[in-house]
Amino acid sequence: MTSSERPFLNRRLAEFGTTIFAEMSALAVTTGSINLGQGFPDTDGPEEIREAAVRALRDGRGNQYPPGPGVPELRTAIAAHQERRYGLSYDPDREVLVTAGATEAIAATLLALLEPGDEVIALEPYYDSYAACIAMAGGTRVPVTLRPHEGSFRLDLDELRAALTPRTRLLLINTPHNPTGTVLTREELTAIAQLAVERDLLVVTDEVYEHLVFDDAGHLPLASFPGMRERTVSIGSAGKTFSFTGWKVGWVTSTPDLVTAVRSAKQFLTYVASGPFQYAVAEALALPDSYFEAFREDMRVKRDLLSAGLTEAGFKVFRPSGTYFITTDIRPLGAELSKNGDGFAFCRALPELAGVVAIPNAVFYDHREEGAPFVRFAFCKRTDVLDEAVARLKRLAA
Ligand SMILES: *Cc1c(COP(=O)(O)O)cnc(C)c1O
């Protein structure tokens, strides 16, 4: 059989064949544009943590397969971090699992917990790997759409309730939320927790932006709500918090039974990863509060810089409460510039128009029409890069 008769990529993954990130990053290179599409920092994290990785490598720590659950130093540091920040206590030996980034944690968790046909409720727009991992696990995704309401994207709790069916197996919750920058409120999280307890659902929480909450409330992990500790798989990562996205060190914290289940899938994905980096991340998690505060403050200033610039350029800005992304509505730019509010067409034209690359939020939606007019910009870039991007974007208003 030839590929034209039967495509190589199987049916489960057919819809995930190409990603917009590759197309847009290529466009950034060929047009010499500033790439505010992909969300990774253009400056490395703390020098002392880089040095800790070098030291581990030189001392021969982690150069061979580390233990399956992760090196004890890191598991202990993760447990200490959860206790110190949130008062959540986890046994480092039975309730903590180190993964190859949050990406593997998400994949292993869904592969471990889902039966074919199980429904997974995820907040739409959602991080792109969720849909692919649910598909690989044979599950069915049920999106609940966050909609603009008074300047931010909010969850409609009635819609969430209405999405539940007897086949619902788990809720996949991301807060702080990529790409909208929404941070779920205590009230929203309380309602989600009540629903999960009432319906006896598992909850998987993607908390990779836990240290990028700009409001005073700070990050509230769902596992800390009543009845949630025993049904929540919490996922964290060093990539975003310490600006080492290439190290791919993530983790899962949950009950011994859930961690064992996730580990069963994880052992056949990567088995282990990032040996020397695990030791360095153990040191990073133990950094004083001043590191986390300075990191957040630096990103808050960048958020304000890019928000102001985008507003001046004519976008409607949804000022994010968390993450390092800003979602905008392009329609106020006018029908012609905004390509009639078509984010895809707009993002393809933006490099020529203004020398900047962004991502159309529609790629994060099943209901593409819901996301059509929204476009995401990343602000985890050097101030001079953001200044230049803002100067270029202002051409749109001219
Ligand atoms: C970046 C990101 C991840 C992936 O984290 P890694 O640790 O790099 O694998 C997961 N979820 C969200 C929402 C992200 O933005």
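Order of appearance sets the numbers: ligands from 1, and atoms from 1 within every ligand.
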How does Ser237 reach ligand 1, if at all, at less than 4.0 Å between non-hydrogen atoms: by side chain, backbone, both, or neither? side chain
Only one of Phe325, Phe318, Tyr365, Phe364 passes ring pair (Phe, Tyr, Trp, His ring centres under 6.0 Å) with Phe153, and that residue is Phe318
Can you check whether Glu104 has an N/O within less than 3.5 Å of an N/O in ligand 1? no
For Asp342, is there any backbone N or O sitting under 3.5 Å from a side-chain donor or acceptor partner on Asn340? no
CA sep, side-chain torsions, deciding dist, call: Arg55, Glu51, salt bridge (charged side-chain N to carboxylate O under 4.0 Å, His left out): CA-CA 6 Å; Arg55 230 184 308 117; Glu51 284 304 320; over 6 Å; no
Does Arg61 CZ have over 12 foreign heavy atoms under 6.0 Å away? yes
Numbering the atoms of ligand 1 from 1, which are under 4.0 Å from a heavy atom of Lys248? 6 (P), 8 (O), 9 (O)
Answer side chain, backbone, both or neither: which part of Lys240 comes under 4.0 Å from ligand 1, heavy atoms only. side chain
For atom 15 (O) of ligand 1, tell me which residue out of Phe325, Tyr209, Tyr324 has the closest non-hydrogen atom. Tyr209
For ligand 1, which is the ligand I care about here, please tell me if Tyr130 has any N or O atom under 3.5 Å from one of the ligand's N or O atoms. no
Give the residue, atom name and distance (to 0.1 Å) of the protein heavy atom nearest atom 5 (O) of ligand 1. Ala102 CB, 3.5 Å
Heteroatom distance test (Asp206, ligand 1): nitrogen or oxygen, under 3.5 angstrom: yes
Examine distances only and state if a side-chain atom of Arg231 and a backbone atom of Leu201 form a donor-acceptor pair shorter than 3.5 Å. yes
Is Val249 close to ligand 1, meaning an N/O of one under 3.5 Å from an N/O of the other? no
Within the distance-only criterion (no hydrogens, no angle test), does the side chain of Asp118 pair as donor or acceptor with the backbone N or O of Glu115 below 3.5 angstrom? yes
Criterion salt bridge (charged side-chain N to carboxylate O under 4.0 Å, His left out) on Arg75 and Glu95, from CA distance to verdict: CA-CA 9 Å; Arg75 282 184 281 115; Glu95 298 186 310; over 6 Å; no
What do we get for Asn174 next to ligand 1 when only non-hydrogen atoms under 4.0 Å count, side chain, backbone, both or neither? side chain
